[in-house]
J.: 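Dropping a structure here in structure tokens format, bear with me for questions.
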Amino acid sequence: MTGIDDLPIRDELRGKSPYGAPQLDVPVRLNTNENPYPLPEPLVARIAERVAEAARNLNRYPDRDAVELRTGLARYLSRTAGLEVGVAQVWAANGSNEVLQQLLQTFGGPGRTAIGFEPSYSMHALISRGTGTGWISGPRNADFTIDVDAARKAIAEQRPDVVFITSPNNPTGTAVGAETVLALHDAAQDARADTAGALVVVDEAYGEFSHRPSLLPLIEGRPRLVLSRTMSKAFGAAGLRLGYLAADPAVVDAVQLVRLPYHLSAITQATALAALEHTDTLLGYVEALKAERDRLVSELRTIGCQVTDSDANFVQFGRFEDAHAAWQGLLDRGVLVRDNGVPGWLRVTAGTPAENDAFLDAVRELMKEKSA
Ligand SMILES: *Cc1c(COP(=O)(O)O)cnc(C)c1O
């Protein structure tokens, strides 16, 4: 039988595994940070209308520049994130993963490097590898905040072309302050002062769930700072595949050099536009999830778990001598959480109140068993 390694694949892909959380069929699935609420029926009906309209023109290529959608996204950011944003500052793609890939194709690539502060979103390293960009694993403090001095030092020594800052961070839930972003941004520009500087990508996939305001205003006057967002989490539309960035118009112009023509289908654009029409309802679900997230944090602490403060729609909890055994123990009780490979810790996504109750009951049983 032919295996992957018998094929003439690139050397850096040999022996590697694809990204993927187990998609197991269990009663309570709290492992991929999805929004537990299905889209409301009026929105489903509006999507059907908008998609039918788009279907009448499917013999034509879609709007390559997705101007109507980008205008809607710019309006949403302007309304919610504390800065007036124009359509020229916004770009959209199939999930923020594609946005990140386009950024790495443009600003990373062979002979270049990207740094992230781990544990963090593993796709940053994987997309770097996929685009031939070298990956540098930067440090964090024991409490999972970014160690600013150590990060500055790593940037000065390694001189990366791209810096990833995830806020709130996945899988820890930790938000990053504006002063930290600015310190790392300035360190990255200093380190690359001999060139045109370095690109700093703030991945704000969970921005809407944070106790803190968006970091979006930091892009003003900083053409090398990019903010990335997604409709997968707060908008409850992971199946849609729609991510976007906000940055200086020059960054939007630059990614045009690598984006595939007509990358965003007319169906995707129509569906995302329908979702934007229902922003207020969807943000109402976000408020409910934030309350559930805060309840998970306090109840897990009452049970006796250690919990990392969370600004996201998930919670990192522990500490377990054997996190994988604890993961299995919860799965045996019908609850699927995520083992991100952070020693001692697991991650649970905030679900519906009933799902969260089932999860908390399972943890209580597990802890009782442990102390028995
Ligand atoms: C979920 C997630 C994304 C979203 O990816 P999409 O491709 O938009 O679904 C991006 N960044 C982080 C840190 C995430 O956790």
Side-chain angles (χ1 to χ4, degrees), residues 18-21 23 29-36 66 69 73 76-77 90-105 114-128 130-131 135 138 140 144 146 162-176 181 200-210 214-216 226-246 255 259 263-265 268-269 271-272 275-276 282 286 289 293 308 310-316 337-342 347-350:
Y19 173 90
Q23 291 189 309
R29 280 185 299 177
L30 301 173
N31 69 327
T32 54
N33 296 345
E34 288 159 340
N35 193 312
L69 175 57
L73 291 166
Y76 167 66
L77 286 174
V90 175
W91 180 243
N94 295 283
S96 52
N97 280 318
E98 189 182 33
V99 170
L100 300 177
Q101 183 176 54
Q102 291 176 344
L103 288 171
L104 282 165
Q105 286 175 325
I115 191 170
F117 303 96
E118 296 184 317
S120 188
Y121 185 47
S122 61
M123 283 309 300
H124 295 156
L126 287 176
I127 301 171
S128 294
T131 57
W135 178 252
R140 267 182 200 268
F144 300 107
I146 292 181
V162 178
V163 178
F164 283 103
I165 301 171
T166 312
S167 181
N169 186 47
N170 179 7
T172 62
T174 318
V176 182
V181 174
V200 176
V201 181
V202 176
D203 186 338
E204 223 181 40
Y206 303 96
E208 287 93 339
F209 297 98
S210 185
S214 170
L215 294 163
L216 177 75
V226 178
L227 190 103
S228 150
R229 283 278 191 104
T230 180
M231 294 181 92
S232 293
K233 314 287 167 45
F235 276 79
L240 165 62
R241 310 309 300 131
L242 200 288
Y244 53 102
L245 66 74
V255 297
R259 59 111 180 91
H263 68 298
L264 211 50
S265 86
T268 299
Q269 294 185 39
T271 308
L276 282 170
L282 297 173
V286 167
L289 287 168
R293 179 265 323 273
T308 313
S310 175
D311 277 81
N313 67 336
F314 55 83
V315 173
Q316 179 176 258
V337 298
R338 187 74 179 270
D339 177 5
N340 292 86
V342 184
R347 188 194 73 191
V348 62
T349 306

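For this chain, numbers begin at 1 and follow the sequence in order. Just so you know, these numbers use all the heavy atoms, side chains as well, and skip hydrogens, waters and symmetry mates. When a ligand or atom number is given, it counts from 1 through the structure's own listing order.
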J.: Is Arg338 atom CZ crowded by more than 12 heavy atoms from other residues, nucleotides or ligands, each under 6.0 Å away?
T.: yes
J.: With distance as the sole criterion, is a donor-acceptor pair present between the side chains of Asn169 and Ser120 under 3.5 Å?
T.: yes
J.: Side chains of Thr166 and Asp203: do they bring a donor and an acceptor to under 3.5 Å?
T.: no
J.: Please work out whether the ring planes of Phe164 and His124 are parallel, tilted or perpendicular, with thresholds of 30° and 60°.
T.: parallel
J.: Is the shortest side-chain heavy-atom distance between Tyr206 and Asn313 below 4.5 Å?
T.: yes
J.: Backbone N or O of Gly173 within a donor-acceptor pair of the Gln316 side chain at under 3.5 Å?
T.: no
J.: Counting only heavy atoms and a distance below 4.0 Å, can you name the residues contacting ligand 1?
T.: Gly95, Ser96, Asn97, Tyr121, Thr166, Asn170, Asp203, Ala205, Tyr206, Thr230, Ser232, Lys233, Arg241
